[in-house]
Every structure is written in structure tokens, then in C-alpha cells.
Amino acid sequence: MLPISLFRETPELIKNGIAAKRENIDIDQILKLDKEQRLILNELNEKRAQRNRVSEKIGKSKAQREDASDAIKEMQELSNNIKKVELNLAEINIQLEPLLYKIPNIPHNSVPIGSNYQDNVVVREWGKKPKSNFKYKDHLEIGEKLNLFDFKRGAAIAGSGFPLYMGQGAKLERSLINYMLDFHVTNYGCREIFPPFISRMEAMRNTAQIPKLQDDMYYIERDDLYLIPTAEVPVTNIHQNEIIDDKELPINYVAYSACFRREAGSYGKDTRGFTRLHQFNKVEIVKFVKPENSYDELEALTLQAEAILQSLGLHYRILSLCTGDLSFASAKSYDIEVWAPGEERWLEVSTCSNFEAFQARRGKIRYRREEDKKVDFVHTLNGSGVATPRLFIALLETYQQPDGSILLPEPLHSYFGAKEIV
RNA sequence: GGAGAGGUGGCCGAGCUGGCUGAAGGCGCUCGCCUGCUAAGUGAGUGUUCCGCUUAAAACGGGACCGAGGGUUCGAAUCCCUCCCUCUCCGCCA
């Protein structure tokens, strides 16, 4: 959500922002409704002020046992009038509010201009593509041979896209989650959170999954609840409707959650194996920071997510997402893509984003500035650190041996309880 | 799932036989006074948000907010309905 004052003061800025994100919302309609709304609001305020005055008079008269029937008669008319105006106001708001929720965040001016993922800019690369004297197998072949998972049986239980990890595969998955959580807690001082995996509509709207991604979420109609597509939703909403003491900032959380995505509209894309799933595991970092620090924090967040891949010796690159590929709520994002030698392609394992005050405004997440005691919105950021399925792929494919076994990188040994998967 | 109690300002807590209550009182906090220090005392202040005014801010004027939303009424923190949440008891259960 953007402040309505921004629409009034610099409508061009918003129009450009919307165009850059390839959305289509009628700003002039919003301006028109806003103008109308304020006109009615002023009328309503005046009438309510009068009601308060007369009401006080009636109260005093009654207290002194005087006759107040004239004033009451006057009030009857005034009240009916107020009800009509209130109705008008509500009607305007019913039109205006959904429009405001559909306005995307404006890209930061450091974001590269572009129309789709091909225009994303590679910022840096770490490590090298692994080389071997045998042909790299892909993760499905490796996993099948080592009996790490069973997609057929998973599909029989829950449908395609619901992975069933078994044996050493299940243990590796659990090891990765534990390793990453400990990594962020120990090395970066994050506070660990274990959130609900289900959220209310309001929480989804605060973080801006709703309205745009509504169809991409699993919805439990009977209880009017949504399965979370990311821990970002519950964790960001921890501080909804709060005014945080600025001594508490920055707040750094790290949370594991299962993530559920219907992936509506992406059928036929990445249908094989672990690359695109309806349910997957992810360790998510969420930050609440002062506005003046949020871009430094975005860099730090990205480095923190990268550190996981470095510690596991995986080749990766960082992309600065262009305006056209930036998500609805984000002002600036970096993607982290890990190299999968078997697939012979880059796989996205993390997106680190600065939402500025976009989510904070929706969720009323504020803080009190020490300097002038004023209340202002915090900036929120989040980034995966990281999602497991593609990390799993990269690990299997990078560390596969000619005999089909996997030599795990050192940090995982104690978590997995062994140095290799055979 | 059944029965009951309750949700008021940073916290505690009155109000809930409707009217002058954004809300008593206490605690906390801020600024000042007083006081060898501490403690006590004392004076003032201490919510959020929207609109208007203003070049801007402050100040000022006004509106809204007593879990959320609706209703009754000239008027609702107070009465009624729905929902959410908390607590107690019963049932069920990992």
C-alpha cells in the first residue's frame, strides 16, 4: 500500500511505477474517488460536529429536567442526514479501497529497467562451475539410485508436486533445515521463530499475497484460512498493529516453515522432480528496520543468504531483478541462483527483497523515533536463506561421485550423521 | 464440541440503571521544583488516526477510535446481534 498523499502529490511517479511493473490500474479514477471522498468527509465532519454540540445541549437540559424536545426534533433530522452521508462515504470507499490494494510498490531508482527476467542484471558470481571427467547425472537419476525420494508414491498420496522424501533423503532434508536455522541464529544473531503454517486473510493482505497471488494459495473454505506460501506471511505479521520501540530495531527473525503453493498457471513448466513443488521447505529471514537503513540491510541480508551457499561450497550468482520482474510488493530484490551441474542450469533458491514501508503500511507496523518521538512506518525485508528443494538438487548434482554416491560438504556431516550418502 | 465469565489508554483498574467520559483513580514514563545521596514529596504533561488551516512544521479548529463489524436510539464504552480472542469447567484428543 502506498500513501494516498503520494497519489495526490506525485501521480506521475506512481503511474511510472505501475507501468514499470506492468500492472494496469487507473490512477485518475483513484484521484477522482479520493477527491470525492474528502469532499464528503468534510461535509460529514461538519455535521457530526453539530450533532456533538446539540447532543451536549440535550444532555445538559435533561440533567436540569428542562424540556429538550425542540433540540431532539432538530437532531432527528440531522441524524438521518448524517446516515445518508455516511452511506455515500462507504460507497466511495468500497470503490477506492480495492484499487489501493491493487497498486504495486514503486521500484527503487537503483533497480535496472527491463520488461522480464531476461533483463535482470548479474551483479556477481561466486565459485566456479564444477568439472569432472564423467557425465553429471541429474538429481532424479541420483535420487532414484540412492532411494532418497519417491515421487510416484508422493503423487498417490497428495497429487503431483508433493514430494515424499524417504530414508537418507528425508534425513538430508531435515539436516539442511537444521543446519540453516543454526547458521542464521549462531552467525547472525537472528531470533528463531516457529510460526503457524496457516494464516488469516488479513495477514495475507498485509504482506500483499492478497489480492494479487490469491489464486496461487491453498484455501481452507470451512475455516476461512489460507496455507502459507512462505514464512514471510506469519513472521512479518508478528508485529502487525504495533508501535515498536526504536531501541528494538533492527529486528532479525529466522523461521523454518513448510510452504504451500498451488502454482496455478505454471503447469507444464519445471514439472520434473524438485524444481517446482506444491509443498516445500524453506528457511526465511525477516527484518524490521529503520527506513534510513533499509538499503544497507538489503545488502546485508543478501550476503547472509549467500553465506549459506558459500559454506556449502556451491557455485551461485546474484541477480538484481529488473523493474518488470520485480514482485508486486518489492521495491528492490536480488535473486540468488545456484548452479545445478546435472540440470546444467541456474536454479533460484532465494529472493531477498526490500519492501520499504509497503507491507508496514498495510499491517500498521510502526516504530517511534527516538529523535522526535514521532511515529513512522518501519521498513520490512525478507529473503530465503534458503529454500531446500533446489538446494537439495544442487548438492546432489555438485557432490555426486563417479560411483553414484554423494560426498557431503563438511558443515553437513554432523547434522547428517555421515560424510556421504551411499 | 457443550456450559459459563470476560475483552477499556504503556500496565492495573473504574465506568456498563445510555447524554457534559478520550474516558475517574493508581502505577509507569517525561519535564520542572524541592531534597547531602537514595527514598519520599510536589507541579505540569503523557494514545493513535483522519480532515481542515499553514509555503512547511508547530500551534490551532474539527471528526473517528473503549476487541472487530453491524443494529437500536435524537444520542452508545454503556442496550441488542454476528464474529474474533482470553480465562474457567465438562467432553474429545497428539
Side-chain angles (χ1 to χ4, degrees), chain A residues 1-10 30-101 194-206 210 219-226 233-234 237-249 258 357 360-378:
Chain A
M1 185 98 78
L2 299 169
I4 189 75
S5 57
L6 203 63
F7 289 82
R8 298 199 280 254
E9 285 154 19
T10 52
I30 288 176
L31 285 170
K32 195 185 129 211
L33 287 169
D34 171 56
K35 202 168 180 179
E36 232 174 295
Q37 187 178 50
R38 275 189 300 160
L39 218 64
I40 295 172
L41 192 64
N42 283 338
E43 187 190 347
L44 185 61
N45 277 349
E46 275 171 40
K47 292 202 157 123
R48 279 175 171 168
Q50 199 191 338
R51 181 175 68 184
N52 289 345
R53 281 194 297 272
V54 179
S55 186
E56 194 180 319
K57 210 167 78 188
I58 294 172
K60 279 178 179 159
S61 302
K62 290 253 177 184
Q64 293 167 22
R65 299 180 180 280
E66 290 169 7
D67 177 54
S69 52
D70 282 356
I72 288 176
K73 206 167 267 175
E74 183 193 342
M75 281 280 275
Q76 266 163 351
E77 205 174 312
L78 184 62
S79 281
N80 283 334
N81 215 314
I82 286 173
K83 262 174 203 149
K84 273 181 207 153
V85 180
E86 278 172 341
L87 217 64
N88 285 345
L89 191 71
E91 265 167 39
I92 299 278
N93 200 44
I94 284 169
Q95 293 178 62
L96 183 58
E97 203 181 60
L99 287 177
L100 292 176
Y101 275 113
F194 196 109
F197 292 178
I198 283 179
S199 286
R200 295 184 199 274
M201 185 271 279
E202 289 80 7
M204 292 290 177
R205 193 178 54 195
N206 290 343
I210 287 179
Y219 174 58
I220 305 162
E221 190 168 6
R222 185 172 168 150
D223 298 295
D224 193 21
L225 292 166
Y226 294 84
V233 175
N237 277 286
I238 287 174
H239 295 295
Q240 64 182 120
N241 299 318
E242 281 184 22
I243 298 175
I244 302 167
D245 191 339
D246 84 341
K247 287 195 261 312
E248 314 241 346
L249 298 176
R361 207 170 280 117
R362 290 176 169 227
K364 296 189 177 60
I365 309 168
R366 294 161 292 172
Y367 78 108
R368 193 179 300 281
R369 278 200 302 258
E370 180 62 33
E371 309 92 80
D372 54 7
K373 306 289 177 205
K374 282 273 171 73
V375 171
D376 196 9
F377 292 105
V378 300

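Everything numeric in this text was worked out from a predicted model, so none of it was measured. Just so you know, these numbers use all the heavy atoms, side chains as well, and skip hydrogens, waters and symmetry mates. First the proteins, then the strands, lettered A, B, ... as listed; each starts at 1.
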Enquirer: Could you tell me which nucleotide pairs with B:rU21 by Watson-Crick or G-U wobble geometry, both distances under 3.5 Å, or answer none if nothing does?
Expert: none

Enquirer: Between B:rC31 and B:rC87, how far is it from one C1' atom to the other, in whole Å?
Expert: 40 Å

Enquirer: Measure from NZ or CZ of A:Arg362 to the centre of the six-membered ring of A:Tyr101, then state whether that distance is under 6.0 Å and the direction lies within 45° of the axis.
Expert: no

Enquirer: Rounding to the closest angstrom, what is the interatomic distance between B:rA5 and B:rG63 at atom P?
Expert: 37 Å

Enquirer: Between C1' on B:rG63 and CG on A:Leu44, what's the gap in Å once rounded to a whole number?
Expert: 8 Å

Enquirer: Look at A:Arg51 and B:rU73 and indicate whether a side-chain polar atom (N or O) is within less than 4.0 Å of OP1 or OP2.
Expert: no

Enquirer: Assign A:Val54 to base, sugar-phosphate, or nothing according to its heavy-atom contacts below 4.0 angstrom with the strands shown.
Expert: nothing

Enquirer: Is the shortest side-chain N/O distance from A:Asn80 to OP1 or OP2 of B:rC74 below 4.0 Å?
Expert: no

Enquirer: Closer than 4.0 angstrom, basic N to acidic O: yes or no for A:Glu43 and A:Lys47?
Expert: yes

Enquirer: Distance only, no hydrogens: is a donor on one side chain within 3.5 Å (strictly under) of an acceptor on the other, for A:Glu91 and A:Gln37?
Expert: no

Enquirer: Reading RNA chain B from 5' onward, which residue's closest nucleotide shows up sooner: A:Lys373 or A:Arg53?
Expert: A:Lys373

Enquirer: For the pair made of CG in A:Asn241 and P in B:rG9, what is the distance, rounded to whole Å?
Expert: 14 Å

Enquirer: Whole angstroms only, please: what is the CG-P distance between A:Leu89 and B:rC50?
Expert: 15 Å

Enquirer: Whole-Å distance between B:rC84 C1' and A:Met201 CE?
Expert: 13 Å

Enquirer: Any donor and acceptor pair, going by atom type alone, linking the side chain of A:Arg366 with main-chain N or O of A:Phe377 inside 3.5 Å?
Expert: no

Enquirer: Kindly say if A:Arg368 contacts the phosphate of B:rU48, meaning a side-chain N or O under 4.0 Å from OP1 or OP2.
Expert: yes

Enquirer: Take atom NZ of A:Lys73 and atom P of B:rC74, then tell me their distance rounded to the nearest Å.
Expert: 13 Å

Enquirer: Verify the contact: side-chain N or O of A:Asn45 to OP1 or OP2 of B:rG52, cut-off strictly under 4.0 Å; return yes or no.
Expert: no

Enquirer: How far, in whole Å, is B:rG71 from B:rA59 if one measures between their P atoms?
Expert: 36 Å

Enquirer: For nucleotides B:rU55 and B:rU73, find the distance between their C1' atoms and express it as a whole number of Å.
Expert: 46 Å

Enquirer: How far does the C1' atom of B:rG91 sit from the matching atom of B:rG25, given to the nearest Å?
Expert: 43 Å

Enquirer: Pick the C1' atom in B:rU21 and in B:rA77, then give their distance to the nearest Å.
Expert: 9 Å

Enquirer: Given 3.5 Å as the limit, does a donor-acceptor pair link the side chain of A:Asn241 with the main chain of A:Lys364, or not?
Expert: no

Enquirer: Could you check how far CG of A:Asp376 sits from P of B:rU48, rounded to whole Å?
Expert: 13 Å

Enquirer: Between the side chain of A:Arg368 and the main-chain N/O of A:Asp245, is any donor-acceptor distance below 3.5 Å?
Expert: no

Enquirer: So, does A:Arg366 get its side chain near the phosphate of B:rU49, meaning an N or O under 4.0 Å from OP1 or OP2?
Expert: yes

Enquirer: Students often get this wrong, so: under 4.0 angstrom with heavy atoms, is A:Ser79 touching a base, only sugar-phosphate, or nothing?
Expert: sugar-phosphate

Enquirer: Looking at every strand, decide which applies to A:Arg361 at a 4.0 Å heavy-atom threshold: base, sugar-phosphate, or nothing.
Expert: nothing

Enquirer: For a quick test of reading the model: is some side-chain N or O of A:Lys47 closer than 4.0 Å to OP1 or OP2 of B:rC74?
Expert: no

Enquirer: Taking the nucleotide of RNA chain B with the closest heavy atom to each, which residue, A:Ile72 or A:Leu41, is nearer the 5' end?
Expert: A:Leu41

Enquirer: Whether A:Arg200 contacts B:rC85 is assessed here as follows: a side-chain N or O lying under 4.0 Å from the phosphate OP1 or OP2. Is that the case?
Expert: yes

Enquirer: Applying the Watson-Crick and G-U wobble criteria at under 3.5 Å, what pairs with B:rA68? Answer none if nothing qualifies.
Expert: B:rU82

Enquirer: What is the pairing partner of B:rU30, taking Watson-Crick or G-U wobble pairs with both distances under 3.5 Å in any strand?
Expert: B:rA44

Enquirer: Provide, to the nearest angstrom, the distance between the CD atom belonging to A:Glu46 and the P atom belonging to B:rG52.
Expert: 12 Å

Enquirer: Using whole Å, what does the distance between atom C1' of nucleotide B:rU46 and atom CD1 of A:Ile243 come to?
Expert: 14 Å

Enquirer: Given the P atoms of B:rA14 and B:rA24, what is the spacing between them in whole Å?
Expert: 14 Å

Enquirer: Could you walk me through whether A:Lys60 and A:Glu56 pass the salt bridge (charged side-chain N to carboxylate O under 4.0 Å, His left out) check?
Expert: CA-CA 6 Å; A:Lys60 279 178 179 159; A:Glu56 194 180 319; 3.2 Å; yes

